[in-house]
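In what follows, every chain begins at residue 1, and chains take the letters A, B, ... in the order their sequences are listed. Values below: all heavy atoms of this structure, side chains included; hydrogens, waters and symmetry mates excluded.
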Amino acid sequence: MDLAKAFEQDEEILLKPIRVSHRNFYITVALLSAVVAWAFVAYFHQLRNGLGVTGLNRPVYWGFYITNFVFFIGISHAGTLISAILRISQAEWRRSITRSAEVITVMVIFFGVASILMDLGRPDRIMNIIKFGRFESPLLWDVTSITIYLTASTVYLYLPLIPDIALMRDKVGKRKWFYTVLALGWRGTPRQWHRLEKVISVMAILVIPVAVSVHTVVSFVFAMTVQPMWHSAIFGPYFVVGAIYSGIAALIVAMALIRWVYHLENYLKDVHFQNLGILLFVMTLLWTYFTFSEYLTTFYGAEPTHMQVFWSKFTGEYMLEFWGMVLCCLVIPVIFLSNRKMRTMKGMVISSLAITMGMWLERFIIVVPTLANPRLPYERGVYHPSWVELSLLAGCFAFFILLYVLFTKFFPIVSIWEIKEGRQHAVSEVAARIKTYLPGNPPTAADETEERDAGTPAIPKAEPFIGSP
Amino acid sequence: MARWGMVIDLDKCTACQACVVACQAENNIPNANPESAAKGRNIHWLEMIPFIEEEYPHTRMRLLPRPCMHCENPPCIEVCPVGATQISSEGIVGQINARCIGCRYCTTACPYTVKSFNWFKPAWPKGMERYLNPDVTVRYNGVVEKCTFCHHRLQKARDKARF
Ligand code: SF4
Ligand code: SF4
């Protein structure tokens, strides 16, 4: 049968990265590990000598680390959120992209947490947060919200992995014990499918408010103080929009790399990139709108302390970063994404890379100029990162990519069972769904039972995956 | 309950900075040096702030001693995740150095930028450790410190009044 052949092909192509590793893979891993090792050296240097080895000073108490924190938490937004929204809205094109998105979330969130740990003067006292934690402090809101988010998105990544892990247990010779443990005794019975689907849909709904709350409270760390250009009511939504924006960009870059390295042109198709590209363009405009509102209100209010910060961004010492951000987050994306001719694969990857960079600059431009121009007009600071901060930034990126690469070697980066499910049922299901949108009689109960009977009882996708020849 | 406050008569102040030196000595604040000053990392609980008033050619240089204001509703306390900075019933804003995790949230939240961070282990020129004030703990690497309103002197005065 055609379907069986297609299934076989799916399995073969999607499991190939797990079965065989190219020489380039080992080279990549070695290079990335070297950068990570260097970052560890830098961190131990800081741990031994104190935060004095950074470029921080008074009044610029926060710099690269806090910028990285906001940035990484922002990137982590896209994965789970996009995947959850696409699942809930039953967007059929989600099938091959959800996994790669969810992995970004789970992996990158560690670096958000790590950035905070790097920033602490006394990381050895981290347990004080539990011992003496005060919920009045926005930092505690962060700790709570990020912990929940990390847990929820890990579960949300793991659940849809189970059938694929079971498949690997049965079909991939390697690491059998590992997959056996992780598969949790998955046999693919209708009851198991039923449960899994239910839990996934509950989790998809659950993670959305958690995701939104995470970046809102990250913004509250700034907005709850009275410092000029931090104390802003739109910071919550502004940060959430920025987070989704940078997250989608990172997702596009990751997907493009996966497609290129593992030759998955047939699974991560142009249409997926096109859809994401349009979404990215919408986010470009939304982000621009928020940025514009934020700066316009400051400008019209023209409070002297605010204007100090304002001009330091527009024409002062942070001019380069500010206009760099405008170039990366507005000009380049608009050029490449706004019309179909420019929205090619290359154009999208270029603008996604630009946006990722631009959003890092945006976080920097929010954190540092305010601190460098505090309320009382006498203390002015300049901030230049030291080699330690630069090494740790590079280390975070390298470590993230390393974890991502390793993930693709242990688990299929495109969800196999969801593709199969799509092949088998989606077309008829969508056709039935469209029928209900149209005028005329809704399908009768009899029709429905008939359709159910066509598949396997209860949850139709049960039998073809596990245990089928 | 009564609250403590400090009044500085700016009409009488000659900006001699004797108060700054006295504060550094009393509270075991590490010596400022040119290298750390260039990096903006000197620790001062009380500091003389220069600022220029009016427009050229009628400019006037002013100097303003600035301690911690011991705010009535201090933003630095609100934000601390571990309660390492607290206000007493008499309105003195103190710092628990042994609990501070060094997140520097309070330093960024203070509208007067008066809190200081220990970027390195505090050090004194050789021989000066002998003159440290035994009533005040020496702070350590990685924590925030601030003006305590000399609460150790207050404590002593109270003991004296009791006996
Ligand atoms: S440290 Fe700043 S915010 Fe806290 S009491 Fe002193 S002046 Fe007020
Ligand atoms: S630096 Fe110390 S005192 Fe300040 S907010 Fe953080 S834990 Fe509290």
Side-chain angles (χ1 to χ4, degrees), chain A residues 46-62 65-66 116-117 119-143 221-222 224-228 230 305 367 370-372 374-384, chain B residues 35-44 47-53 62-64 66 69 71 73 75-86 96-122 139-145:
Chain A
Q46 174 182 313
L47 209 56
R48 268 226 342 243
N49 295 295
L51 272 172
V53 300
T54 63
L56 299 169
N57 55 47
R58 190 169 79 144
V60 189
Y61 282 108
W62 285 349
Y65 299 145
I66 296 291
I116 282 283
L117 291 183
D119 189 62
L120 290 187
R122 300 298 303 226
D124 51 318
R125 294 189 185 160
I126 188 69
M127 280 336 246
N128 281 3
I129 290 196
I130 292 161
K131 245 165 62 199
F132 305 108
R134 283 176 72 251
F135 269 98
E136 294 91 326
S137 165
L139 273 189
L140 244 275
W141 309 345
D142 272 8
V143 172
V221 168
F222 304 101
M224 292 296 147
T225 68
V226 291
Q227 304 300 0
W230 277 4
T305 48
V367 175
T370 293
L371 288 175
R375 214 158 249 285
L376 288 191
Y378 44 78
E379 241 156 326
R380 295 276 173 264
V382 269
Y383 170 66
H384 298 292
Chain B
E35 297 87 68
S36 64
K39 284 195 165 153
R41 287 184 179 165
N42 280 340
I43 296 178
H44 294 292
E47 194 175 7
M48 206 57 84
I49 305 297
F51 63 101
I52 292 164
E53 270 187 349
R62 302 276 255 166
L63 283 147
L64 182 77
R66 185 229 41 201
M69 306 296 154
C71 307
N73 187 7
C76 61
I77 290 180
E78 293 288 312
V79 299
C80 180
V82 296
T85 170
Q86 290 179 346
I96 308 174
N97 297 307
R99 188 189 287 181
C100 170
I101 57 171
C103 66
R104 306 186 303 295
Y105 196 1
C106 54
T107 55
T108 58
C110 168
Y112 302 97
T113 346
V114 308
K115 297 188 100 174
S116 301
F117 183 71
N118 286 280
W119 300 100
F120 292 111
K121 197 163 167 262
R139 275 75 55 188
Y140 15 70
N141 192 356
V143 299
V144 159
E145 60 181 70

(request) Kindly compute the distance separating SG (Cys103(B)) from CZ (Arg122(A)), expressed to the nearest 0.5 Å. (result) 13.5 Å
(request) To the nearest 0.5 Å, tell me how far Arg104(B) CZ sits from Asp119(A) CG. (result) 4.0 Å
(message) When you compare the side chain of Leu139(A) with that of Val79(B), does any pair of heavy atoms fall below 4.5 Å?
(response) no
(request) Could you look at Ser36(B) and say if it's the side chain, the backbone, both or neither that has a heavy atom under 4.5 Å from chain A? (result) neither
(request) Determine, step by step, whether Ser116(B) and Arg58(A) satisfy the side chain to side chain contact (heavy atoms under 4.5 Å, CB included) criterion, reporting the C-alpha distance in whole Å, the side-chain angles of both residues, the deciding distance to 0.1 Å, and the verdict. (result) CA-CA 7 Å; Ser116(B) 301; Arg58(A) 190 169 79 144; 3.8 Å; yes
(request) Just jot down the side chain to side chain donor-acceptor pair (under 3.5 Å) partners of Thr370(A), sequence neighbours excluded, or say none. (result) Trp230(A)
(message) At a 4.5 Å cut-off on heavy atoms, which part of Gln227(A) comes close to chain B: side chain, backbone, both, or neither?
(response) side chain
(message) Run Lys131(A) and Val82(B) through side chain to side chain contact (heavy atoms under 4.5 Å, CB included) and show every step you take.
(response) CA-CA 8 Å; Lys131(A) 245 165 62 199; Val82(B) 296; over 6 Å; no
(request) Quick one: pull up CG in Asn57(A) and CZ in Arg41(B) and give me the separation to the nearest 0.5 Å. (result) 6.5 Å
(request) Measure the OG1-OH distance between Thr107(B) and Tyr61(A) for me, rounded to the nearest 0.5 Å. (result) 5.0 Å
(message) Quick check on Ile52(B): does its CD1 atom have over 12 non-hydrogen neighbours (other residues, nucleotides or ligands) under 6.0 Å away?
(response) no
(message) When you measure from the side chain of Thr225(A) to the backbone of Ala109(B), do you find a donor-acceptor pair of N or O atoms at a distance under 3.5 Å?
(response) no
(request) Please look at Asn118(B) and chain A and tell me whether the side chain, the backbone, both or neither of the residue comes under 4.5 angstrom of a heavy atom of that chain. (result) neither
(request) Counting only heavy atoms closer than 4.5 Å, note whether Ile66(A) contacts chain B via side chain, backbone, both or neither. (result) neither
(message) For the CG atom of Asn141(B) and the CG atom of Leu51(A), what is their distance to the nearest 0.5 Å?
(response) 7.5 Å
(message) Run the side chain to side chain contact (heavy atoms under 4.5 Å, CB included) test on Trp119(B) and Leu56(A) for me, step by step, so that the C-alpha distance in whole Å, both residues' side-chain angles and the decisive distance to 0.1 Å come before the verdict.
(response) CA-CA 9 Å; Trp119(B) 300 100; Leu56(A) 299 169; 3.4 Å; yes
(request) Starting at CD1 of Ile101(B), measure out to CD1 of Ile126(A) and round the result to the nearest 0.5 Å. (result) 5.5 Å
(request) Pick whichever of Phe120(B), Tyr140(B), Tyr105(B), Phe117(B) has the most heavy-atom pairs under 4.5 Å with chain A. (result) Tyr105(B)
(message) Does Arg99(B) qualify as a cation-pi partner of Phe132(A), given the criterion of NZ or CZ under 6.0 Å from the six-membered ring centre and within 45 degrees of its axis?
(response) yes
(message) If you count heavy-atom pairs within less than 4.5 Å of chain A, which of Pro75(B), Gly142(B), Pro81(B), Gly40(B) leads?
(response) Pro81(B)
(request) Please state whether the side chain, the backbone, both or neither of Val53(A) comes within less than 4.5 Å of a heavy atom of chain B. (result) both
(message) Quick check on Val221(A) against chain B: is it the side chain, the backbone, both or neither that has a heavy atom closer than 4.5 Å?
(response) both
